[in-house]
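Some notes on the structure that comes next.
Throughout, protein chains are lettered first and strands after them, A, B, ... in sequence-line order, and every chain is numbered starting at 1. What you see is a predicted model, and the numbers here were worked out from it, not measured in a lab. The basis for the numbers below is simple: all heavy atoms, side chains too, and nothing from hydrogens, waters or symmetry mates.
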Number of protein chains: 2
Amino acid sequence: MGRWQPNARGRLQRAALELYGERGFEQTTVAEIAQRAGLTERTFFRHFTDKREVLFANAEEFEGSFVRALVAAPEATPPIEAVAAAAEAGAGAIQSDRAQARRRQAVIAANAELQERELTKLARLTAALAGALRERGVPPATASLAAEAGVAVFKVAFERWIGEEGEEDLPRLVRQSLDELRALAAGAGAASPG
Amino acid sequence: MGRWQPNARGRLQRAALELYGERGFEQTTVAEIAQRAGLTERTFFRHFTDKREVLFANAEEFEGSFVRALVAAPEATPPIEAVAAAAEAGAGAIQSDRAQARRRQAVIAANAELQERELTKLARLTAALAGALRERGVPPATASLAAEAGVAVFKVAFERWIGEEGEEDLPRLVRQSLDELRALAAGAGAASPG
DNA sequence: ACGTTGATGACAGTTACTGACATGGGTCGC
DNA sequence: GCGACCCATGTCAGTAACTGTCATCAACGT
């Protein structure tokens with residue numbers, strides 16, 4: 001048996017999510033998280049750069065599934081289709097447990113600092129997608145716009161998925177949101193006179 | 001003569017921008033900013049909720065010019081055109097001094113926490129635009145997508161404007177970026193074989 | 001055996017941020 | 001003009017996030 005209980009990082013993540021959910025992000029101290037995980041405050045900061053980051057540990061993995069799908073798209077695929085494929089892949093990587101996603105999102109929605117961090121993760125994702133598009137020969141500005149569009153489409157689909165009770169197929173919602181964006185860009189959607 | 005020097009808030013903003021530029025955001029303490037402004041640390045936190053916010057004091061004003069232009073657009077304007085008009089208006093509100101914008105942006109680009117706060121401001125702007133679109137009868141998801149598209153277009157134009165030496169007309173760059181987004185959504189932009 | 005490694009603990013220090021109370025010139029009612 | 005209040009600022013004490021540094025001690029290789 002090792003000197004310490006295994007999976008310190010995972011225990012910290014679990015303890016943090018629980019406490020943030022129970023009493024809120026601000027009302028939870030890092031010392032409390034560490035105590036519940038059977039560790040010390042100092043060890044928490046060795047695993048996570050700050051108090052928020054513990055909720056975003058798998059962001060890299062998520063970003064990876066997004067980017068891999070984009071890279072895997074055939075060369076001739078138009079940028080908007082390539083990012084759409086990436087968004088669908090990212091959607092597929094998440095949708096296995098909607099309950100977990102809901103809990104996490106509820107915690108984030110309850111605190112401005114956590115929302116701020118989530119925006120940063122999405123910005124990282126956007127930058128990664130834009131970079132991958134540039135690698136394919138897409139001009140920089142076009143690459144940025146396509147990446148932003150793809151992430152926006154994903155966000156809208158994700159909100160619907162979290163919010164609604166019936167629909168469970170996130171990739172399908174992604175495709176649907178993309179179609180709406182296309183219609184929008186084509187000039188559709190004038191407000192009905194009222 | 002008043003008991004205190006006038007414009008405490010402005011003095012704090014100026015001192016902060018100077019110090020963040022001179023020695024960096026992290027290397028500057030709030031006590032130093034307050035001292036340069038001839039005030040105390042406690043007074044700084046009465047004017048700004050935190051150390052970052054001092055750089056984003058006019059975000060509301062900026063957001064206002066954006067939203068006002070959207071509200072002012074004729075009822076029949078398609079959503080994408082309405083947000084485009086808003087983005088052009090916001091562009092017009094900024095472009096009076098590119099040098100100032102450059103200084104500010106350099107400070108922000110040098111620090112992750114400041115970038116995080118900027119993302120939050122842009123998210124606020126996006127939400128405000130989406131809200132205004134909904135008021136016009138645009139369905140929620142479409143409103144969100146249109147708002148995201150408008151802000152993305154603005155961001156791309158702004159980056160070009162800050163980066164390049166020649167072009168000075170930010171609204172024109174906004175219109176240009178919008179055209180690129182339109183082409184993108186229509187399926188253009190397949191990578192050239194190579 | 002023995003030195004090294006690596007995850008953790010212990011502890012002190014800095015600084016962002018908050019709450020509570022004090023101060024004193026401006027201003028308004030009279 | 002005089003007193004009562006107002007309110008921006010000062011003062012001071014406290015909390016908690018984060019950091020640097022050194023100690024510990026099982027595991028592992030040689």
### Query
Are B/R52 and B/Y20 in a cation-pi contact, defined as NZ or CZ under 6.0 Å from the six-membered ring centre and within 45° of the axis?
no
### Task
Return the value, rounded to whole Å, for the distance between atom CZ of B/R9 and atom P of D/dT9.
11 Å
### Task
Could you state the atom-to-atom distance from CG of B/L39 to C1' of D/dG10 in whole Å?
10 Å
### side-chain N/O B/T40 vs D/dT9 OP1/OP2, d < 4.0 Å
no
### Query
Can we say A/E81 and A/R175 salt-bridge, meaning some charged N sits less than 4.0 Å from an Asp/Glu carboxylate O?
yes
## Note on the structure
Angle separating the five-pair end axes of the helix from C/dA1-D/dT30 to C/dC30-D/dG1, nearest 10°, is 20°
### Interatomic distance where NE2 belongs to A/H47 and C1' belongs to C/dG9 [whole Å]
12 Å
### Message
Looking only at the side chains, is there a donor atom on one of A/Q27 and A/E32 sitting less than 3.5 Å from an acceptor on the other?
### Response
no
### Task
Go along nucleotides 16-24 of chain D 5' to 3' and tag each nucleotide: B for a protein heavy atom under 4.0 Å from its base, S when only backbone or sugar atoms are that close, - otherwise.
-SBBBB--B
#### Entry: Cationic N near anionic O, under 4.0 Å, B/K121 to B/E53
yes
### Query
Would you call A/E165-A/R102 a salt bridge at under 4.0 Å N-O?
yes
### Query
Below 4.0 angstrom, N of the basic side chain to O of the carboxylate: do A/R11 and A/E18 qualify?
no
### Heavy-atom check, side chain of A/S177 versus side chain of A/R160, under 4.5 Å
yes
### Query
So, B/E113 and B/R117, do they make that salt bridge, N to O below 4.0 Å?
no
### Message
Less than 4.0 angstrom between a side-chain N/O of A/T43 and OP1 or OP2 of C/dT8, yes or no?
### Response
no
### Query
Separation of B/I33 atom CD1 from C/dC17 atom P, in whole Å?
10 Å
